[in-house]
Q: 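Submitted below is the structure of interest, expressed as structure tokens.
A note on names: the letters A, B, ... follow the listed sequences, proteins ahead of strands, and every chain is numbered from 1.
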Protein chains: 2
Amino acid sequence: MTAQPRTMPADTTGLQLDAYLPYRLSVASNAVSRLIARAYEDRFGLSIPQWRLTCVLAEDGPMNQSALVSRTGMDKVTVSRAAQGLAKRRLLVRSENDLDGRSHVVALSPEGLRLHAEIAPLALAYEAALISGLDPSEVALLKRLLLRLQGAAGVLAGERTEAS
Amino acid sequence: MTAQPRTMPADTTGLQLDAYLPYRLSVASNAVSRLIARAYEDRFGLSIPQWRLTCVLAEDGPMNQSALVSRTGMDKVTVSRAAQGLAKRRLLVRSENDLDGRSHVVALSPEGLRLHAEIAPLALAYEAALISGLDPSEVALLKRLLLRLQGAAGVLAGERTEAS
DNA sequence: GGTAGATAGTTGCATCTGATACTATCTCGC
DNA sequence: GCGAGATAGTATCAGATGCAACTATCTACC
């Protein structure tokens, strides 16, 4: 005989929040994001969007804002504000684009590059601490599945695909 | 010989945003959350916190708000406002707690239960669509890894553990 | 039994976010 | 070249979020 808790409502839907993937994903992501955001904010005064721009510019070199938008998937308003914040602190420089008067080329300043080089080890240490105890193959699978979920969500949301 | 793009800055940090787990996690979670939030909002007028409360109350039965806080991990302010919104629509009922004048017992109304039963299949369909093509064992591992990341983030953030 | 500290929940506030609207510039077709 | 529509980026506004402060109630200790 299966035990039947007394006040349990007859939930016949088969839905359990704890096992619901979007819920698990959101809770895990929020926990990790809060941790990381606090670390960057407290020690370096960088928001997450600012940190992302810094990373992309350090990796790929100068580009304009719309390239940053497609590279990071962030909103163009978010990118604009993050770039303004970094420019105010002289961590990046925006120069006129002679070929297109609408856009500016955005590049890390030497100080920006230095800051990135300073933060990167900390960022990697956080990642290492988060995945400590996990098998590298599990981590690789995790990243692959996350990319897959992201893609599936984009498709379900009716997102325009690359090959239109 | 490895091709060397011309303008690539000397990024010797070993950090690549695309491969950085917190980034992958955040982007995937945002994509999924946006999809789900829009579905619930558009069709049923429920926010994500309201939907979570509904699920927990349908699963576990009536409880007070602080129990909802520890059950869902959401902020107590978020829970309070979500409960107020649901109460305004008569989807849940708050009754005085005779044993403790500070707290109220929160329970789904019959309409609330009915709405939950109506939404649950849609929620499960979204989950199924997101993980379609994935092996069930992969999904199980994914959920396990997400829980693990969440726990690791909590520990790193100095969170009080259950067994103090 | 009265006071100090803990707890339940709400309100206020400051911030972040994203959608929309707007300006400026570019491109294309004629 | 010139006007219609596309694109880069910014400004503006509404809603969500979470912290801190607050009220009310409870608990525990003297």
Side-chain angles (χ1 to χ4, degrees), chain A residues 26-27 29-31 33-38 40-42 45-53 62-88 92-106 157-160 164, chain B residues 26-27 29-31 33-38 40-42 45-53 62-88 92-106 157-160 164:
Chain A
S26 172
V27 173
S29 173
N30 284 344
S33 283
R34 194 157 34 237
L35 174 72
I36 302 276
R38 217 157 263 165
Y40 297 164
E41 176 63 42
D42 290 351
L46 287 188
S47 69
I48 290 281
Q50 288 175 344
W51 163 242
R52 287 183 184 168
L53 292 199
M63 62 184 77
N64 62 24
Q65 291 188 190
S66 51
L68 284 168
V69 166
S70 49
R71 179 71 169 73
T72 62
M74 299 192 292
D75 192 87
K76 64 180 178 176
V77 178
T78 306
V79 169
S80 173
R81 285 193 275 241
Q84 284 173 23
L86 291 172
K88 198 166 294 173
L92 67 72
V93 189
R94 329 174 80 174
S95 45
E96 303 281 317
N97 185 348
D98 296 336
L99 300 168
D100 189 335
R102 296 168 299 179
S103 67
H104 309 264
V105 174
V106 170
E159 177 185 280
R160 280 274 143 269
S164 61
Chain B
S26 172
V27 173
S29 172
N30 285 344
S33 283
R34 194 155 36 234
L35 174 71
I36 301 275
R38 217 159 260 164
Y40 297 165
E41 176 62 40
D42 290 352
L46 287 188
S47 68
I48 290 280
Q50 289 175 345
W51 164 242
R52 287 183 184 168
L53 292 198
M63 61 184 77
N64 62 25
Q65 290 187 190
S66 50
L68 283 169
V69 166
S70 48
R71 180 71 169 72
T72 62
M74 298 192 293
D75 192 88
K76 64 180 179 175
V77 177
T78 307
V79 168
S80 173
R81 285 194 272 244
Q84 283 172 23
L86 291 172
K88 199 165 292 171
L92 67 73
V93 189
R94 331 173 79 174
S95 46
E96 303 282 317
N97 186 348
D98 296 335
L99 300 169
D100 189 335
R102 297 167 298 179
S103 67
H104 309 264
V105 173
V106 170
E159 175 186 281
R160 279 272 144 271
S164 61

Q: I'd like to know if B/Arg34 reaches the base of C/dG18 with its side chain, counting only an N/O donor and acceptor under 3.5 Å.
A: no
Q: Starting from P on D/dG18, measure out to CD1 on B/Ile48 and report it in whole angstrom.
A: 13 Å
Q: What is the separation between atom CG on B/Asn30 and atom C1' on C/dC16, rounded to the nearest whole Å?
A: 13 Å
Q: Counting any heavy atom closer than 4.0 Å, what does A/Ser47 reach on the DNA or RNA strands: base, sugar-phosphate only, or nothing?
A: nothing
Q: Could you tell me whether the side chain of A/Arg38 reaches within less than 4.5 Å of the side chain of A/Arg34, counting heavy atoms only?
A: yes
Q: Between A/Ala67 and B/Lys76, who's closer to the 5' end of DNA chain D by nearest nucleotide?
A: A/Ala67
Q: Can you confirm whether the side chains of A/Arg52 and A/Thr78 place a donor and an acceptor under 3.5 Å from each other?
A: no
Q: Would you kindly check whether a donor in the side chain of B/Arg81 faces an acceptor in the base of D/dG18, or vice versa, at under 3.5 angstrom?
A: yes
Q: Which whole-number value in Å describes the distance from A/Arg52 CZ to C/dT17 C1'?
A: 13 Å
Q: Let me spell it out: for each of B/Asn97 and A/Ser66, pick the nucleotide of DNA chain D with the closest heavy atom. Which residue's pick is nearer the 5' end?
A: A/Ser66
Q: Of the candidate nucleotides D/dA20, D/dG9, C/dG9, which contains the atom at the shortest distance from the side chain of B/Ser103?
A: C/dG9
Q: Please give, in whole Å, the distance from D/dG15 P to B/Gln84 CD?
A: 17 Å
